[in-house]
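For reference, the structure is listed below as structure tokens.
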Amino acid sequence: MAIMVYNTMTRKKEEFIPREPGKAGIYFCGITPYDFAHIGNARPPVVWDVIRRFLRARGYQVFMVQNITDVDDKIIRRAQQEGRPPLELAADYARIYMEDLAALGVEEADVHPKVSEHIPEIIQMVAGLLEKGHAYTVDGDVYFAVESFPDYGKLSGRSLDEMLAGARVEVDERKKHPMDFALWKAAKPGEPAWESPWGQGRPGWHIECSAMSLKYLGPGFDFHGGGTDLIFPHHENELAQSEAYTGSKPSVRYWLHSGFITTGGDKMSKSLGNIITIRELFKDFPPQVVRFWLLGTHYRNPLNIGRQELEAAERGLERLETAWNNWRHLLTQEAGGGAENGAGRIRELAAESRERFIAAMEDDFNTAAALGVLYELVREVNKWSLAPGFTLNAAAKEGLQEAVAVLEEGGEILGLRFGKAQAAAAGLGDEEIEAMLARREEARREKNFRLADEIREKLKAHGVIIEDTPQGPRWRRG
RNA sequence: GGCGGCAUAGCCAAGUGGUAAGGCAGAGGUCUGCAAAACCUCCAUCCCCAGUUCGAAUCUGGGUGCCGCCUCCA
């Protein structure tokens, strides 16, 4: 089946046809690091991490770029307040952001270019736009002339007339058209500045993404994304710059935008003062849970954050993890004889689940639906493997193995590595645990429940949970 | 004011023409020395109205409500 993606440009789901067969190039807007990142800043990276993992699992060779805008008004202002160099401040917060993402299980992009390290590329692009008549200079500033680009507005679906009608910005008289935007800003005293053909200055807000995406991915790359608030003006301007500069279109084949995280129904933003930083959230919920919660809703839908929602996610994830643990534990047991017990059906179910999981992901990366498939598999396999008449024969182990594989493959694509974290954390070795378990079984046979419970408690203190089943006790780290 | 989106059970959330996935919570039950885990059963006709259709949560029109963008913003 084909991978279908919702393209902001056409406002429709389209079949993904890569620029080059078997390859996928992705660029998405990272952050402007001037403070601790909030949870809203974590959604696009997690979404793109999953898209990347999925494309890879489908056989694509993926190259992903995430930029860091480290030259910016907000950074400069903040740095001045704190009396430190802007680039240093930006580097600090960028580092913290990357740490937050790593905790969320986001793999690093192949490149995360910084504006400050791409000034020559930016200057070259601005110069090119001037040459082609898409830009003009005023007092050391360089502006992009929106009227020189007839397609302006095609991404956000608005015309210049409409924008003017609703404009709430005061008009800069020096600009030829009110919607013209800065490509290059003349330096003000005390600001970071670089030498350019137009004097000392720094890049405008949008040009860096055009220059850097072109450098690392070339024209007409596959995916570009970010939060929906970037559609206008940022991505609209970026598109105009890129296509005006290269003279080729589209500059991007598919534009994907993720929805906002809201608090109490309102967008989370610094200006509303309702932000929750990623770090704050980690104090109450493990990063895995936060990631799982993010994936419980389709990426384009808004997502409201709340204690109840996170707690539900925590329990839900636990259910999957417990199943994974229990099944794997069964696989470590000796297979016995016994008659056919429905293992064939389980193998079929596993194969079907794998297909349905992929189908859900192919449908515009529907992680919520994909998780539903996993839950259904869990219920069926649990029912089967815990039924009173269940015998663990060779066929059963094969079926179980298939089911475990589906869970693990799904987990890998979603970036939820079942069990790994716990396994690393537990201090007791398997042999030790097994030995204690054997002693407990002996105690239970002798009806010495006090000792049995004591051992169970002791293991629990070491993070090992004992559960008795009709087939004998099983344990898991959790 | 302009443009766009959304509205599914107590909460979260899939589902874009064929008779409502899944998770969390809740109630009852099974299993169990206890515990845990798990399983079973129960729990919605999809904001409202009018249409199209044999058939609509899904399409059309109108209404109501909420949200976003138009200004820095993931």
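Each chain gets a letter, A, B and so on, in the order its sequence line appears, and its residues count up from 1.
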Between A74(B), A13(B), C11(B), which nucleotide has the shortest distance from any of its atoms to the side chain of Ala368(A)? A13(B)
If you apply the rule salt bridge (charged side-chain N to carboxylate O under 4.0 Å, His left out), what do you find for Arg450(A) with Glu454(A), and how did you get there? CA-CA 6 Å; Arg450(A) 236 196 73 188; Glu454(A) 227 170 73; 3.8 Å; yes
Looking at every strand, decide which applies to Leu371(A) at a 4.0 Å heavy-atom threshold: base, sugar-phosphate, or nothing. nothing
Touch class at under 4.0 angstrom, heavy-atom based, for Asn301(A) against every strand present: sugar-phosphate
Remember a base hit wins even if backbone is also touched, and classify Gly296(A) as base, sugar-phosphate or nothing at under 4.0 Å, heavy atoms. sugar-phosphate
Just N and O in the side chain of Lys383(A): are any of them under 4.0 Å from OP1 or OP2 of A38(B)? no
For Phe28(A), answer base if it contacts any base atom (sugar-phosphate contacts may also be present), sugar-phosphate if it contacts only those atoms, and nothing otherwise; contact means non-hydrogen atoms under 4.0 Å. nothing
Pick base, sugar-phosphate or nothing for His38(A), based on heavy-atom distances below 4.0 Å to the nucleic acid. base
Pair Lys74(A) + Asp35(A): basic N to acidic O under 4.0 Å: no
Listed nucleotide nearest any side-chain atom of Glu376(A), set C69(B), G22(B), A74(B): G22(B)
Side chain of Ala369(A), heavy atoms from C-beta onward: which of A13(B), A14(B), G10(B) has the nearest atom to it? A14(B)
What one should report as the nearest heavy-atom pair of Ser353(A) and Leu377(A) is OG-CD1, 3.6 Å
With 3.5 Å as the limit, what N/O pairs link the protein to nucleotides 33-36 of chain B?
from: G33(B); atom 1: O6; to: Arg440(A); atom 2: NH2; distance (Å): 3.3
from: G33(B); atom 1: O6; to: Arg444(A); atom 2: NE; distance (Å): 3.4
from: G33(B); atom 1: N1; to: Asp453(A); atom 2: OD1; distance (Å): 2.9
from: G33(B); atom 1: N2; to: Asp453(A); atom 2: OD2; distance (Å): 2.7
from: C34(B); atom 1: O2; to: Arg456(A); atom 2: NH2; distance (Å): 2.5
from: C34(B); atom 1: N3; to: Arg456(A); atom 2: NH1; distance (Å): 2.9
from: C34(B); atom 1: N3; to: Arg456(A); atom 2: NH2; distance (Å): 3.4
from: C34(B); atom 1: N4; to: Asp468(A); atom 2: OD2; distance (Å): 2.6
from: A35(B); atom 1: N1; to: Asp468(A); atom 2: N; distance (Å): 3.1
from: A35(B); atom 1: N3; to: Arg456(A); atom 2: NH1; distance (Å): 3.1
from: A36(B); atom 1: O2'; to: Glu467(A); atom 2: OE2; distance (Å): 3.0
from: A36(B); atom 1: N1; to: Asp468(A); atom 2: O; distance (Å): 3.2

Starting at atom CG of Asn237(A), determine the distance to atom C1' of U71(B), rounded to an integer number of angstrom. 13 Å
Mind checking the P distance from C70(B) to A38(B)? Whole angstroms is fine. 46 Å
Once you apply a heavy-atom cut-off of 4.0 Å, does Ile231(A) come out as touching a base, just sugar-phosphate, or nothing? nothing
Have a look at Ser258(A) and say if it touches a base, only the backbone sugar-phosphate, or nothing, with a 4.0 Å heavy-atom cut-off. nothing
Determine the contact category for Asn366(A): base if any of its heavy atoms lies under 4.0 Å from a base atom, sugar-phosphate if only primed atoms, P, OP1 or OP2 are that close, otherwise nothing. sugar-phosphate
Between A74(B), C39(B), A14(B), which nucleotide gets closest to the side-chain atoms of Thr297(A)? A14(B)
Wobble G-U and Watson-Crick pairs count when both distances are under 3.5 Å; given that, what is the 5' to 3' dot-bracket string of RNA chain B, with | for pairing to other strands? ((((((((.[[[..)..(...]]].(((((.......)))))....[[[[[..)....]]]]])))))))....
Tell me whether Glu99(A) is salt-bridged to Arg279(A), with the criterion being a basic N under 4.0 Å from an acidic carboxylate O. yes
Are Glu147(A) and Lys176(A) within salt-bridge range, i.e. N to O under 4.0 Å? no
Between C67(B), G2(B), A38(B), which one does the side chain of Arg319(A) approach most closely? A38(B)
Looking at Thr228(A), I'd like to know whether one of its side-chain N or O atoms comes within less than 4.0 Å of OP1 or OP2 on C69(B). no
Sole residue of Asp73(A), Asp72(A), Asp141(A) in salt bridge (charged side-chain N to carboxylate O under 4.0 Å, His left out) with Lys185(A): Asp73(A)
Among A37(B), G15(B), C11(B), which nucleotide sits nearest the side chain of Asp363(A)? G15(B)
Nearest-neighbour nucleotide for the Pro233(A) side chain, A37(B), C70(B), A13(B) considered: C70(B)
For A74(B), does OP1 or OP2 lie under 4.0 Å from any side-chain N or O of Asn41(A)? yes
Distance check: side-chain N/O of Asn382(A) vs OP1/OP2 of C39(B), anything under 4.0 Å? yes
Between Ser156(A) and Glu236(A): side-chain donor-acceptor atoms closer than 3.5 Å: yes
Would you kindly give the CZ-to-P distance between Phe357(A) and G22(B), to the nearest whole Å? 17 Å
Which atom pairs link the protein and nucleotides 25-30 of chain B when you take only N or O atoms and keep those under 3.5 Å?
none

Does a donor on one side chain sit under 3.5 Å from an acceptor on the other, for Asn382(A) and Trp327(A)? yes
Would you classify Gly259(A) as touching base, sugar-phosphate or nothing, given that sugar-phosphate means primed atoms plus P, OP1 and OP2, and contacts are heavy atoms under 4.0 Å? base
